[in-house]
Amino acid sequence: MENSDIKKLFNYDITNEKSIIERAKLLKGKSLNEILVSSPLSKQIINTANKGRVGNLIEKHWFGIDNNNLSEPDFKEVGIELKVSPIKEMKSNILAVKERTKICRINYQTLVNEEWSESHAKSKLNKILFIFYKHDFNKDNWETQEILNFRLWSLSSDELIISSEWFKTKDQVISGFAHTLSERNYQVLAPCTSGTGKNIAQPNTCNQALAKERSFALKQPFINFLWDTLNDSNVYESIKDNLDLSSNDNLELQVLSMINNFSGKTINDIAKLTNAPILSSKNAVRSVIMKLLGFKNESSKIKEFSQLGIQIKVIPIDTKNKTLFESISFPAIKFKDFAHESWKDSGLSLDLNKILFIPVSRNKLLNRDIKERVLEKAFFWNPSITQEKLIKKEWLTYQNIVKQGVKIDKKPQNSKKGYVEVTSLPKESSTEIIHMRTHARDSDDRDVDQFGTSIVKHSFWLNKKFVNKLIKNSLNS
DNA sequence: GAGTGATCATGG
DNA sequence: CCATGATCACTC
């Protein structure tokens, strides 16, 4: 279609950034069906099996751009690439980006000769117009999915980390190890498997090893940060600014050394040294740590941790044995959603992406006072390849049971209701790393599964024994 | 005292 | 009020 035709039919100037943004603004609140209905083009049957369907629909029926597989940006005159990103409801009231955003396919043969400034990836990354829509996994509701918001993002602010990860991928391909690439070794721009999953040839390999087909993708936490700051950017503070760091490379080490400088001290001592108030709430310890890390507001979110998908867990341990009192919980799942999730995009997979554990010890019997608790040695953890495989296996076991329908028996016991509900879900003792367990206000705080069965709210927990091993390893290292 | 389902308590 | 971090409490 000619640009002049686009102007006539779609009422905006495809060669002008402002005009494109004005057009994008009108998308807010519209359902996919409304977009189709308002389209000046003839409708076609949408193939709901096509993963690019939402993007294609918006490109074609809202912006008048023909679907293509050219390697130039969608709005080529202004160098803007259009990406749609599904938003899912993680827990009530909290909306988050569902998955990574694919940028472009990696061509191993040509990548090795590319320069960053002229690369295929950079041409797609320079400027991206993200369009966020509310995802519905039920295909029958496909057309009612609604556009929530949009954001124009420029590479410049994050080019350092993104280009360095592009080079990291390139270097590995140059050295003939494209077959050992893994998304897990990257923080923002990652080579993730894509396409049909088949294995293809790579240059420079010495044993003819085939590599999986991959694409560059911006990882979920990074996109989620862009989404989250649309709504309220004030809740974030930068830890790099607070600690005066120059790059992401040593972020973790710097954070650790900052915290571990104070290990062995009581919360009271630390609060005094950092001029932090001690709150009466359960996150009192966390608040003190935030002050220690230089945060002005102890309830701020940490910008870089959000972008990199790192979360902090302050974990109570016993002074003597340095072991957990309890397993560690994550937010409650929603049974209906859990039955439909894929492991990679699951809530748990994101929660386990990377964790900063901050153990705080107390005497099991005597010491109830938060002030007297002692900061122990903090450490980062993310699942190793072996651990992740096991976690995924255990997660799938739970998912399969939920898919079939959880069985619930009432067993008499001396509780409020006179019985406890025993489910067919595996217990902690029969798993190694994670288990599922009730997580509710009380036994009337319930969820409903896809069969209409009422069940007490549950969440995933990290097994006590497993985390105890992590603590031990950290103390011995 | 480990294991497991139930429940408390705070702050947003 | 509700989600969640934290912990309780009953049974074996």
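Chain naming here is simple, since letters A, B, ... match the order of the sequence lines and numbering starts at 1 in each. Reckoned from all heavy atoms, side chains included, excluding hydrogens, waters and symmetry mates. No experiment lies behind these values; they were computed from the predicted model shown.
Of the side-chain N and O atoms in A:K427, none sit less than 4.0 angstrom from OP1 or OP2 of B:dA2.
Using a 4.5 Å heavy-atom cutoff, the side chains of A:F222 and A:V97 are not in contact. Contact check for A:I455 versus A:T438: no side-chain heavy atoms found under the 4.5 Å cut-off. Using a 4.5 Å heavy-atom threshold, the side chains of A:L189 and A:K219 count as separate.
Computed from coordinates, the A:E428 CD to B:dG5 C1' distance equals 12 Å when rounded to whole Å. The distance between atom CG of A:L324 and atom C1' of B:dG3, rounded to the nearest whole Å, is 15 Å. Atom NZ of A:K464 and atom P of C:dC8 are 12 Å apart (whole Å). Rounding to whole angstrom units, NZ of residue A:K411 and P of B:dA6 are separated by 10 Å. When the C1' atom of B:dG12 is taken as reference, atom CG of A:N297 falls 13 Å away, rounded to whole Å. Separating the CZ atom of A:F357 from the P atom of C:dA6 is a distance of 12 Å, rounded to the nearest angstrom. Between A:I328 atom CD1 and B:dT4 atom C1' the separation is 17 Å, expressed in whole Å. Following rounding to the nearest Å, A:I333 (CD1) and C:dT4 (P) show an atom-to-atom distance of 12 Å.
If you check B:dG5, B:dT7, C:dT7 against the side chain of A:W461, the one that comes closest is C:dT7. Here C:dT7 is the nucleotide among C:dA6, C:dT7, B:dG5 with the atom lying nearest to any side-chain atom of A:R362. You'll find that the side chain of A:V420 is closest to B:dA6, out of C:dT11, B:dA6, B:dT4. Among the nucleotides C:dT4, B:dT4, C:dC10, the one closest to the side chain of A:R437 is B:dT4. Closest contact between the side chain of A:P331 and the listed nucleotides C:dT4, C:dT11, B:dT7 involves C:dT4. Checking B:dG5, C:dT7, B:dG3 against the side-chain heavy atoms of A:R373 singles out C:dT7 as nearest. Considering only side-chain atoms of A:D445, the nucleotide from B:dT7, C:dT4, B:dA6 that sits closest is C:dT4. The side chain of A:E326 lies closest to C:dT7, out of C:dT7, C:dT4, B:dA6.
Side chain A:S443 to base B:dA6: no donor-acceptor pair is found below 3.5 Å.
Cation-pi geometry between A:R100 and A:F216 is not met at under 6.0 angstrom from the ring centre and within 45 degrees of the axis.
Checking A:R441 against A:S327, the closest nucleotide of DNA chain B that is more toward the 5' end is the one next to A:S327. Two residues, A:L425 and A:S299, neighbour DNA chain B, and the one matched to the more 5' nucleotide by heavy-atom proximity is A:L425. Of the two residues contacting DNA chain C, namely A:F325 and A:P412, the nearest-nucleotide position lying further toward the 5' end is that of A:F325.
A:T438 comes within 4.0 angstrom of a base, heavy atoms only.
Taking the six-membered ring for Trp and thresholds of 30 and 60 degrees, A:F63 and A:Y12 have ring planes more than 60 degrees apart, a perpendicular arrangement.
Counted by atom type alone, A:N149 and A:W227 present zero donor-acceptor pairs between their side chains at under 3.5 Å.
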